[in-house]
Amino acid sequence: LRTASRAFCVAMAADADGILVQPLGAGQDVGRSCILLTIDDQTLILDCGMHVGYTDHRRFPDFSTLTSIDRLKSISCVLITHFHLDHCGALPYLTEQVGYTGPVYMTPPTKAICPALLKDYRRVMAERKNAKGMYSEQDVENCISKVKEIQLRQPIVVGRLRITPYYAGHVLGATAFYIETIRPQISRSVLYSGDYSMTADRHLGAARIPCLKPDLLISEATYAATIRGSKKARELGYLHTVKECVSNGGKVLIPVFAVGRMQELCLLLEEFWSQQGLTVPMYVSGELAKTAHTYYKLFLDWTHPSLLEEFTSEGRNKLSFRHFKEFSENMLATPGPMVVFASPGMLTGGTSLRLFIKMAGSPSNLVILPGHCVQGTVGNKVLNGQKVIKIDAKTTVHVRCKIALLYFSAHTDMKGILQMISRVRPNAVLLVHGQKKNIFSLQARVKSELRLPCLAPANGQKVAIPLRKSLCKGIVSSSLLAEMRRLAKKRKRSECSSASSMQMDWTAIYSPTDCVTISGVAIWKSERDDVEQNHIVFTTRNDAERRLGIKKVSIKLETELELRIEGSWDRLGEKVRNVIKKFVPEHHARIVSTPNEEKHVWRIEVGEVEVKIEKQVQSAQYKVNLAWFVEDDHVGERIEAILQTKLALAKI
């Protein structure tokens, strides 16, 4: 009992600490994703990105809290979800300049593609003379040499934590990380989504993350206020916009990052060109694009299942792109229409920006921006309608060409974020990587519609996650032993009746059909030497109130729902009871009263939880009122969730 009481105190202390989160980047902002997570006294860095729209100190996350050697040594590991620069771009800066020397984990595709993107961006910044404070190419090499690979659904153990990556869609190799404690007395878990997509496209599958029920879901919120229309309509709009421009003799520039959207948009045009019999030349610029295509062939098992199946059965790889040729910038002077894919996206520099400067002055040309452009980039200025854009001290562009924004982002939209929350069923949600106004809008929806705690901290702000507390399961008391002996006697196992707590064979007492819930209060009066006398007791609430002289107080909770349910009102109560019985079989559900001429109300009791269903005049919805005492909170919340997720969808 003395050991058990100590375990109890340790468990409650950890419960009070809970989970701590501090965004160093992407807090109420898009770009430079970097989250400090502390769980079970271990600290991790989730992603380490940069902001491609800035060239000053705002380019990197705020690492000022990590400058001391002791603080850096306290970081257990760094987890990188994917190769986009806003998630990995500051990693060489962290390892080679800030001084972090611990482990870094990535998937094999991310580790393969990261160096090329980091070096390419370093070169672009050098061209624009914005490389001050940047890392060198040697820093990139040194950084990547320290990276360890992690495989999908293959857990690794870091200290007292188990980390499992799950497929996230979005781009090749992208993962979400599930982080959980492995100490039995402390049960905590966090799911960090990184960037993800809830719908499959032509070259990648949708996120495959099971119902993990984490204490906390940290989710991106890039498109927190956007619900996209039909994917088919967007694809057709894109294809016909390109065709219209080239049919009129214009040139089309599509600035995209070399890996991800480029492959998706190329696949669409590849199929369309074949179907339409078009001969207008299409080009892909840069060595980086060629390297990206190579990696897609190498990691074909990470792409859409249909691509892998077609390759294994027919030996055909759609990512070979027969209609596309390599582009050099002198080809732009060739008369006639053409389509050019150029990196980087958002017109941040490099080939895409140089081509934009040359093409922007002609009204017959078209520039298609296929997704979000962060603040500070030329792409963002173009989307905001600026007609005169200053590139640098010597270059100013007058925008006369046509501009099209087509949402082909690999980020999920608001509907997908809510779908992810409903799928994984967290106890709390924390939103990052989104514009401030949009994040606050989604935060309100999560709280009101999903009834979950939802946080949206700013950069540098530390937040403690509210957790549901649970008592330590290791406490064994005389009342517990008495209950076990009673069961043993009932099962005619007399040899167990005199067993001590250390000698008893628990497997001899319980079978899978014996399930007894024992809850209560642990009492230890510190003014007496009760520990030495073994007077720590685990007893009922009523007995604890009597011993401690506490007056009994009960708190009743109520909640009200409005549900749209199809079917007959006369049979509604019976059907609702049956649904609850199916999903809450351990509690007796019974109909207390049926509707009559005076009251149009069904009343159902499920243990101590009361459910009232009221018919509303001139409305297809029913008002459902639930009431329970605080000690039955877990049952009440469970029934509420069942009514919202099961009953509202059932045809009654």
Could you please spell out the steps behind the side chain to side chain contact (heavy atoms under 4.5 Å, CB included) verdict for V190 and D215?
CA-CA 6 Å; V190 174; D215 290 305; 5.8 Å; no

If you apply the rule side chain to side chain contact (heavy atoms under 4.5 Å, CB included), what do you find for L626 with L643, and how did you get there?
CA-CA 10 Å; L626 289 91; L643 293 178; 3.7 Å; yes

Residue pair L572, Y622: steps toward the side chain to side chain contact (heavy atoms under 4.5 Å, CB included) verdict:
CA-CA 10 Å; L572 185 67; Y622 297 99; 4.1 Å; yes

Quick one, D201 with L267, criterion side chain to side chain contact (heavy atoms under 4.5 Å, CB included). Give me CA distance, side-chain angles, the key distance, then yes/no.
CA-CA 10 Å; D201 52 32; L267 275 172; over 6 Å; no

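When atom types are taken as modelled, the side chain of Q443 and the backbone of C454 share a donor-acceptor pair closer than 3.5 angstrom. In this structure a side-chain-to-backbone donor-acceptor pair under 3.5 Å is present from N459 to G27. With E264 contributing its side chain and H203 its backbone, the two residues share a donor-acceptor pair below 3.5 Å. Not one N or O on the side chain of Q28 forms a donor-acceptor pair closer than 3.5 Å with the backbone of I439. In this structure, the side chain of T303 does not engage the main chain of L204 through any donor-acceptor pair within 3.5 Å. Here the side chain of W602 pairs a donor or acceptor atom with the backbone of W569 at under 3.5 angstrom. Counting only distance, with no hydrogens or angles, the side chain of S197 and the backbone of T199 share a donor-acceptor pair below 3.5 Å. Judged by distance alone, with hydrogens and angles left aside, the side-chain atoms of Y167 form a donor-acceptor pair with the main-chain N or O of G205 at under 3.5 Å. No donor-acceptor pair closer than 3.5 Å links the side chain of N625 to the backbone N or O of E560. Under a 3.5 Å cut-off, the side chain of H170 and the backbone N or O of A410 do form a donor-acceptor pair.
A 4.5 Å side-chain heavy-atom check between R202 and L268 finds at least one atom pair inside the cut-off. Between L442 and L418, some side-chain heavy-atom pair lies under the 4.5 Å cut-off. Side-chain contact between I639 and W628 is absent, with no heavy atoms from C-beta onward closer than 4.5 Å. When side chains are defined from C-beta on, I465 does not count as touching N427, because their heavy atoms never get closer than 4.5 Å. Between R153 and Y166 there is a side-chain heavy-atom pair separated by less than 4.5 Å. Using a 4.5 Å cut-off on side-chain heavy atoms (C-beta onward), L265 and P370 make contact. No side-chain heavy atom of T181 sits under 4.5 Å from any side-chain heavy atom of R160.
Distance check: L161 CG to E180 CD gives 9.0 Å after rounding to the nearest 0.5 Å. If you take CG on L37 and OG1 on T43, they are separated by 8.0 Å, rounding to the nearest 0.5 Å. Between atom CD of residue E449 and atom OG of residue S422 there is a gap of 9.5 Å, rounded to the nearest 0.5 Å. Taking CD1 from I156 and CZ from R162, the interatomic distance works out to 11.5 Å, rounded to the nearest 0.5 Å. Within the model, atoms SG of C373 and CG of L405 stand 7.5 Å from one another, a figure rounded to the nearest 0.5 Å.
Looking at residues two or more places apart in sequence or on another chain, you find no ring pair (Phe, Tyr, Trp, His ring centres under 6.0 Å) involving Y196. Scored by the side chain to side chain contact (heavy atoms under 4.5 Å, CB included) test, P426 finds P214, L217, I421, V424, V429, L452 as partners (sequence neighbours excluded). With sequence neighbours left out, the ring pair (Phe, Tyr, Trp, His ring centres under 6.0 Å) criterion links Y238 to F408. For the side chain to side chain contact (heavy atoms under 4.5 Å, CB included) test, residues two or more places apart in sequence or in another chain that qualify with A176 are L191, I209. By the side chain to side chain contact (heavy atoms under 4.5 Å, CB included) test, K582 pairs with no residue at all, sequence neighbours left out. The side-chain hydrogen bond (donor to acceptor under 3.5 Å, both in side chains) check on Q22 picks up nothing, with sequence neighbours excluded. Legend: residues meeting side-chain hydrogen bond (donor to acceptor under 3.5 Å, both in side chains) with T222, ordered by chain and number and at least two apart, are E220, H411, H433. In terms of the side chain to side chain contact (heavy atoms under 4.5 Å, CB included) criterion, residue partners of P457 (sequence neighbours excluded) are, by chain and number, P23, L430, L455, Q461, V463. Under the side-chain hydrogen bond (donor to acceptor under 3.5 Å, both in side chains) criterion, R577 pairs with no residue at all, not counting sequence neighbours. Scanning for side-chain hydrogen bond (donor to acceptor under 3.5 Å, both in side chains) contacts around E640 gives R451, with sequence neighbours left out.
Residues in residues 405-430 take part in no salt bridge (charged side-chain N to carboxylate O under 4.0 Å, His left out) pair, two or more places apart or across chains.
In terms of heavy atoms, S189 sits closest to I39 at N-CD1, 4.1 Å. Taking each heavy atom of G169 and A174 in turn, the nearest pair found is O-CB, 3.3 Å. Across all non-hydrogen atoms, the minimal contact from S219 to I417 is OG-CG2, 3.9 Å. What you find for A589 and K581 is that their closest heavy atoms are CB-CG, 3.6 Å. For the residue pair M198 and A207, the shortest heavy atom distance occurs at SD-CB, 4.3 Å.
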Sequence neighbours excluded and cut-off under 3.5 Å, please list the side-chain donor-acceptor pairs for residues 604-611, or say none.
{"unit_1": "E605", "atom_1": "OE1", "unit_2": "R590", "atom_2": "NH2", "d": "3.0"}
{"unit_1": "E610", "atom_1": "OE2", "unit_2": "R603", "atom_2": "NE", "d": "3.3"}
{"unit_1": "E610", "atom_1": "OE2", "unit_2": "R603", "atom_2": "NH2", "d": "2.6"}

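If you check the side chains of H87 and D195, you find a donor sitting under 3.5 Å from an acceptor.
With I179 as the fixed residue, the side-chain contact (heavy atoms from CB on, under 4.5 Å) test singles out one of I163, D40, I19: I163. Under the side-chain contact (heavy atoms from CB on, under 4.5 Å) rule, Y192 has a single partner from T175, D47, L216, L79, which is D47.
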